[in-house]
Amino acid sequence: MNKIIGYCRVSTDVQTTENQRREILDYVHSKNLTIDEIIEVTISSRKNTKDREIDKTLLKLERGDTLIVTKLDRLGRSTIEVLKIIEELKEKGIILQIIKDSIVVDDNNTNPINTMMLTLLSGFAQMERDFISERTKSALAQRKAQGVKLGRKKGQIVKSKFDEHKEKIEELLSYGVPISKIVNQIGIGTRQSLTTYINTRGLKK
């Protein structure tokens, strides 16, 4: 039986997910559907993290399942992040229902609305990447002009998105689980990036 999961997200501690929750429940009721779970997430503006809260939700979804959000911007904090999540959902065969836009995104590439929306998102995401790149280059040039030495110290290990899954990765490796399957189970990264992480951290394969 395919699951239906609602996802609510707010970005500050003073906001609540109550309105989003009610909209999702009303929508599901209007379609005579049964929802399995509503996941509610609050991301504090003071929390500095690159980890995506929605990854925990994606781990619960399988091909044919449906993820419901009230608006597209509830998926992530930037256009780039939203586009990446949509592409991941499509690749996994998970249906995305956006209530307020009356849009359903699935792995049907012949759907003209899906194609148009993803094309627009891709354009905005590229614009966002360009802005970030320009700001980064400008900041680095300014620091260099001030005599600040750039780059990390030799031998320094940079924090990785895989760190919070380190114990699970080690456990799966000990059972001989292939890296590609480990990536699927933890729901982040690629086979190449996880292989690099394993080699960098000296984990036993």
Query - Value rounded to 0.5 Å, distance of CD1 in I179 from CG in L194 - result: 5.5 Å

Query raised in the report: When you look at V105 and K90, which way does the side chain to side chain contact (heavy atoms under 4.5 Å, CB included) test go after all the steps?
Result: CA-CA 8 Å; V105 180; K90 282 167 61 68; 4.0 Å; yes

Report task. Would you kindly confirm whether I198 and I188 end up in one hydrophobic cluster when ILVMFWY residues are joined by side chain heavy atoms under 4.5 Å apart? Result -> yes

Query raised in the report: When rounded to the nearest 0.5 angstrom, what distance separates CD1 in I103 from NZ in K71?
Result: 13.5 Å

Query raised in the report: Got L203 and K166 here, is their nearest side-chain heavy-atom distance under 4.5 Å?
Result: yes

Report task. Could you pull out all residues at least two apart from E88 that satisfy side chain to side chain contact (heavy atoms under 4.5 Å, CB included)? Result -> R52, L58, K84

Report task. Report the residue from I99, I35, T66, I38 that forms a side chain to side chain contact (heavy atoms under 4.5 Å, CB included) with V28. Result -> I35

Query raised in the report: After noting the C-alpha distance and the side-chain angles of R201 and F162, does the key distance pass the side chain to side chain contact (heavy atoms under 4.5 Å, CB included) rule?
Result: CA-CA 10 Å; R201 295 298 193 272; F162 293 115; over 6 Å; no

Query raised in the report: Under the 4.5 Å side-chain heavy-atom rule for ILVMFWY, direct or indirect, which residues accompany L59?
Result: none

Query - Atom pair CD1/CG of I54 and L89 - distance to nearest 0.5 Å - result: 6.5 Å

**Report entry** ILVMFWY cluster, L173 and Y197 together (side-chain gap under 4.5 Å)
**Finding:** yes

Requested in this report: Return the set of residues passing salt bridge (Lys or Arg N to Asp or Glu O under 4.0 Å) with K100 (not counting sequence neighbours), or none when no residue passes.
Outcome: E23

Query raised in the report: Is any side-chain heavy atom of D26 less than 4.5 Å from a side-chain heavy atom of R22?
Result: yes

Report task. Spell out, yes or no, whether L33 and I95 are grouped together once hydrophobic residues are joined by side-chain heavy atoms under 4.5 Å, including indirect joins. Result -> no

Query raised in the report: Is a side-chain N or O of T17 found less than 3.5 angstrom from the main chain of Q20, in a donor-acceptor match?
Result: no

Query raised in the report: Hey, mind stepping through L75 and L67 against side chain to side chain contact (heavy atoms under 4.5 Å, CB included) and telling me if it holds?
Result: CA-CA 10 Å; L75 284 176; L67 178 66; 4.1 Å; yes

**Report entry** Connected via hydrophobic side-chain network under 4.5 Å: Y27 and I98
**Finding:** no

Query raised in the report: Under 3.5 Å, is there a donor-acceptor pair between the side chain of D163 and the main chain of S160?
Result: yes

Query - Reported CD-to-CG distance for the pair E87 and L83, which is rounded to 0.5 angstrom - result: 5.5 Å

Requested in this report: Please assess L172 against K181 for the test side chain to side chain contact (heavy atoms under 4.5 Å, CB included), listing each intermediate value before the final yes or no.
Outcome: CA-CA 9 Å; L172 293 172; K181 290 188 177 181; over 6 Å; no

Can you give the donor-acceptor pairs under 3.5 Å from side chains of residues 2-9 to other protein atoms, not counting sequence neighbours?
from	atom 1	to	atom 2	distance (Å)
N2	ND2	G64	O	3.4
K3	NZ	K60	O	3.1
K3	NZ	D65	OD2	2.8
R9	NE	R74	O	2.9
R9	NH2	D73	O	2.7
R9	NH2	G76	O	2.9

Query raised in the report: Does R191 have any salt bridge (Lys or Arg N to Asp or Glu O under 4.0 Å) partners at least two apart in sequence or in another chain, and if so, which?
Result: none

Query raised in the report: When clusters are formed by joining ILVMFWY residues with side-chain heavy atoms under 4.5 Å apart, either directly or through shared neighbours, do I39 and V69 land in the same one?
Result: yes

**Report entry** Test salt bridge (Lys or Arg N to Asp or Glu O under 4.0 Å) applied to R21 - qualifying residues, sequence neighbours left out
**Finding:** E40

Query raised in the report: What's the spacing between I169 CD1 and S174 OG if we round to 0.5 Å?
Result: 12.0 Å

